[in-house]
S.K.: 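Got a structure for you, questions after.
Any value given below was found using the heavy atoms of this structure, including those in side chains, with hydrogens, waters and symmetry copies removed. Sequence lines set the chain letters: A, B, ... in the order given, protein chains first and strands last, and positions in each chain run from 1. Everything numeric in this text was worked out from a predicted model, so none of it was measured.
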Amino acid sequence: MKIKAPRGTMDILPEQAKKWQYIEKQFKSICQRYNYKEIRTPLFEHTELFQRSVGDTTDIVQKEMYEFKDRGGRSITLRPEGTAPVARAYVENKLYGDPKQPHKLFYFMQMFRYERPQQGRMRQLNQFGVEVLGSKDPAIDAEVIDLAMTCYKELGLTSLKLVINSLGDEESRAQYRKALVEHFTPHKEELCKDCQTRLEQNPLRVLDCKTDSEHPAMKKAPSILDYLNEESRSYFDKVKSYLTTIGVDYEVDPNLVRGLDYYNHTAFEIMSEAEGFGAITTLAGGGRYNGLVEELGGPSTPGIGFGMGIERLLLALEAENISLPLTNQLDYYMVTMGERADVESFRIIHYLRKHGIQVDKDYQGRKPKAQFKAANRLNVRYVLVLGDEELDKEIINLKDMETGEQEEIPLTNLVQTLTLKEV
RNA sequence: GCGGUCGUGGCGAAGUGGUUAACGCACCGGAUUGUGGCUCCGGCAGGCGUGGGUUCAAAUCCCACCGGUCGCCCCA
């Protein structure tokens, strides 16, 4: 084969697509229960949107964006994440003026990140996500987290870990940032190269460095939790208390920083603890972003959301050995014998389909024997047998593939009989 | 972006320098002129990821590239 799918992309074939459909259906039903409405934004945006919101120092912007110039010379980027585009749409369409607040939104969208692919990390990836704009009620934080957990739980996943943290408000964060720089600067030379850069550009991210995690300075690093001001601390406490109220277990990890610039207050991640899941365990991540809408030119509007990788979700299901209840097999298969019957069968199945009956036939010119084999392969319970004999008698033979029994159905009663069978 | 590892018919998998590249599954046909799932028999299908090189001779050795996979960075 000459032309292959570009690196980091994949085809989703019918067998697999059934799972995607099922997951989407379940998640949409959950969203309906929680009263979240679907939003769809463009596949690509002006590069500037991500630079300004996600942040120039983040990995996403520095090395992962699918960025190109269009024919008009504009810098365009295939969206690497969903929050910024949704916030942009909120501002652009003036949804802040809509009396229905907050706006509770969900999406199923493709994202693109230029990374070295491996299992669970594609260049084109699919995310289900949720964004709530216009509420700073800690109960909404808990609702969003609960929604994500519910999605996983209703599919049957159990080996989950919810990790939460608070990054505090701007003031808390600035204080903490200062403390971190003061703490790490004396050890700067001992830290890894990445951390030295991070210390200057984005000190919070020094904390989630894996290389230096054993360094004594890392262990003695100040905790964000000690730098939360009164308001931030109280907010975080309320979020935790709401989670407890509805029985959502969590673990507080003061080192959970989240990479993107727009986050503040609540940050969370959901991981799989299933065995054999490999190095990548994050299934979903999100947080609050109270300054983002304003940053994008809208009125000061609080927001919170998460993104959930569907590819990783499928891996988690596999790791936990969960098979989704997929049930779309064929109801009827038509077997024909002879040319007369073959032509007539085409007319009949068209008629049956028109009446809502799910039926297929052979298109390979196979012998009857092979047609029955095909029916077996398709896992069909009933086969409609049509040959010269049946045509002459104006009936069709309905064969039950499980019992092997066959009964004659008058053609005039066909639809009625088959419809009843399905019940 | 860095490091390890792998790449043989549709799938799985032998072969590690030398006659026309095992085998299993799947598929097609026959035994059974119009009836399947079992059995038996037969058949279809690959020149070994791509491109160079070494050699009398390469799927087998070397190089580059592409792709998968694992790990790192980071995240979904």
S.K.: Which is true for A/Gly387 with a 4.0 Å heavy-atom rule: it touches a base, it touches only sugar-phosphate, or it touches nothing?
M.R.: base
S.K.: Could you state the atom-to-atom distance from CZ of A/Arg366 to P of B/U35 in whole Å?
M.R.: 17 Å
S.K.: May I ask you to evaluate whether A/Lys373 reaches the phosphate of B/U35, defined as a side-chain N or O under 4.0 Å from OP1 or OP2?
M.R.: no
S.K.: With sugar-phosphate meaning primed atoms plus P, OP1 and OP2, does A/Asp388 contact a base, only sugar-phosphate, or nothing at under 4.0 Å between heavy atoms?
M.R.: base
S.K.: Using the ring of each side chain (for Trp, its six-membered ring), is A/Phe128 parallel, tilted or perpendicular to A/Phe108, with breaks at 30° and 60°?
M.R.: tilted
S.K.: Quick check: on RNA chain B, is the nucleotide nearest A/Met308 upstream (toward 5') of the one nearest A/Pro117, or the reverse? Name the residue that is more 5'.
M.R.: A/Pro117
S.K.: Apply the side chain to side chain donor-acceptor pair (under 3.5 Å) test between A/Arg288 and each candidate in A/Thr266, A/Asn264, A/Asp141; give the one that qualifies.
M.R.: A/Asp141
S.K.: Please determine whether any donor N or O and acceptor N or O are separated by less than 3.5 Å between the side chain of A/Gln62 and the base of B/G1.
M.R.: no
S.K.: Classify A/Leu313 by what it touches in the nucleic acid, base, sugar-phosphate, or nothing, heavy-atom distance under 4.0 Å.
M.R.: nothing
S.K.: When the C1' atoms of B/U55 and B/C41 are considered, how many whole Å apart are they?
M.R.: 45 Å
S.K.: Taking the C1' atom of each, how far is B/U50 from B/U19, in whole Å?
M.R.: 28 Å
S.K.: If I pick the C1' atom on B/G51 and the same atom on B/A59, what distance separates them, to the nearest angstrom?
M.R.: 16 Å
S.K.: Taking any heavy-atom pair under 4.0 Å as a contact, classify A/Ala370: base, sugar-phosphate, or nothing.
M.R.: sugar-phosphate
S.K.: Honestly, is A/Lys399 close enough over A/Phe372, meaning NZ or CZ under 6.0 Å from the six-membered ring centre and within 45° of the axis?
M.R.: yes
S.K.: B/C66, B/G30, B/A76: which one has an atom nearest the side-chain heavy atoms of A/Lys369?
M.R.: B/G30
S.K.: What is the nucleic acid contact for A/Val335, judged by heavy atoms within less than 4.0 Å: base, sugar-phosphate only, or nothing?
M.R.: nothing
S.K.: Can you check the A/Gln118 CD to B/G3 C1' distance for me, whole Å?
M.R.: 12 Å
S.K.: Indicate, with yes or no, if the rings of A/His265 and A/Phe236 have centres closer together than 6.0 Å.
M.R.: no
S.K.: Grab the CE-P distance between A/Met111 and B/C75 for me, whole Å please.
M.R.: 17 Å
S.K.: What about A/Arg312: does its side chain form a donor-acceptor pair under 3.5 Å with the base of B/C75?
M.R.: yes
S.K.: What base-paired stems does RNA chain B take part in, with at least 3 consecutive Watson-Crick or G-U wobble pairs and both distances under 3.5 Å?
M.R.: B:1-7 with B:66-72, B:10-12 with B:23-25, B:27-31 with B:39-43, B:49-53 with B:61-65
S.K.: Would you classify A/Gly338 as touching base, sugar-phosphate or nothing, given that sugar-phosphate means primed atoms plus P, OP1 and OP2, and contacts are heavy atoms under 4.0 Å?
M.R.: nothing
S.K.: Tell me if the side-chain of A/Lys399 makes a donor-acceptor pair with the base of B/U35, cut-off 3.5 Å, by modelled atom types.
M.R.: yes
S.K.: Base, sugar-phosphate, or nothing for A/Glu389, non-hydrogen atoms under 4.0 angstrom?
M.R.: base
S.K.: Under the criterion side chain to side chain donor-acceptor pair (under 3.5 Å), I'd like the reasoning laid out for A/Tyr34 against A/Asp146: C-alpha separation, chi angles, the key distance, then a yes or no.
M.R.: CA-CA 10 Å; A/Tyr34 282 72; A/Asp146 171 47; 2.6 Å; yes
S.K.: Mind checking A/Gly129 for me? I need base, sugar-phosphate or nothing, with any heavy atom below 4.0 Å counting as a touch.
M.R.: nothing
S.K.: Distance check, C1' atoms only: B/G15 and B/C61, in whole angstrom units.
M.R.: 16 Å
S.K.: Can you measure A/Gln119 atom CD to B/C70 atom P for me and round it to whole angstrom units?
M.R.: 5 Å
S.K.: May I ask you to evaluate whether A/Arg377 reaches the phosphate of B/C27, defined as a side-chain N or O under 4.0 Å from OP1 or OP2?
M.R.: yes
S.K.: Classify the nucleic acid contact of A/Arg123 as base, sugar-phosphate or nothing, counting any heavy atom under 4.0 Å across all strands shown.
M.R.: nothing
S.K.: Please report the distance, rounded to the nearest Å, between CG in A/Asn397 and C1' in B/G36.
M.R.: 15 Å
S.K.: Tell me: CG of A/Asn376 to P of B/C27, nearest whole Å?
M.R.: 11 Å
S.K.: Say you pick atom P in B/U5 and the same atom in B/C62; how far apart are they, in whole Å?
M.R.: 12 Å
S.K.: Would you indicate whether the side-chain heavy atoms of A/Pro138 and A/Tyr242 approach each other to under 4.5 Å?
M.R.: yes
S.K.: Could you check whether the rings of A/Phe68 and A/Phe44 sit parallel, tilted or perpendicular, using 30° and 60° as the cut-offs?
M.R.: perpendicular
S.K.: Test the A/Lys104-A/Phe106 pair against the cation-pi criterion, namely NZ or CZ under 6.0 angstrom from the six-membered ring centroid and within 45° of the ring axis.
M.R.: no
S.K.: May I ask you to verify whether the side chain of A/Glu115 and the base of B/A76 hold a donor-acceptor pair under 3.5 Å?
M.R.: yes
S.K.: Among A/Leu243, A/Val248, A/Asp249, exactly one meets side chain to side chain contact (heavy atoms under 4.5 Å, CB included) together with A/Met149. Which residue is that?
M.R.: A/Val248
S.K.: Find which nucleotide of RNA chain B each of A/Gly365 and A/Gln406 is nearest to by heavy atoms, and output the residue with the more 5' nucleotide.
M.R.: A/Gly365
S.K.: Quick one: classify the glycosidic conformation of B/G37 as syn or anti, with syn meaning within 90° of 0.
M.R.: anti
S.K.: With rounding to the closest Å, how many angstrom separate the C1' atoms on B/G9 and B/C25?
M.R.: 12 Å
S.K.: Determine the interatomic distance between C1' on B/A45 and the same-named atom on B/G4; round to the nearest Å.
M.R.: 35 Å
S.K.: Nearest whole angstrom, please: distance from the C1' of B/A76 to the CG of A/Leu317.
M.R.: 15 Å
S.K.: Take the protein atom CG of A/Asp400 and the nucleotide atom P of B/U35, then report the distance between them rounded to whole Å.
M.R.: 18 Å
S.K.: Could you check whether A/Arg7 gets within reach of a base, just the sugar-phosphate, or nothing at all, counting any heavy atom under 4.0 Å?
M.R.: sugar-phosphate
S.K.: Does the Lys NZ or Arg CZ of A/Arg79 fall within the cation-pi geometry relative to A/Phe112 - under 6.0 Å from the ring centre and within 45° of the axis?
M.R.: no
S.K.: Between B/U69 and B/A31, how far apart are the P atoms? Round to whole Å, please.
M.R.: 46 Å
S.K.: Could you work out which one of B/G34, B/G67, B/G36 sits closest to the side chain of A/Pro368?
M.R.: B/G34
S.K.: Which is true for A/Ala375 with a 4.0 Å heavy-atom rule: it touches a base, it touches only sugar-phosphate, or it touches nothing?
M.R.: nothing
S.K.: Check the angle between the aromatic planes of A/Tyr289 and A/Tyr262 and answer parallel, tilted or perpendicular using the 30° and 60° thresholds.
M.R.: perpendicular
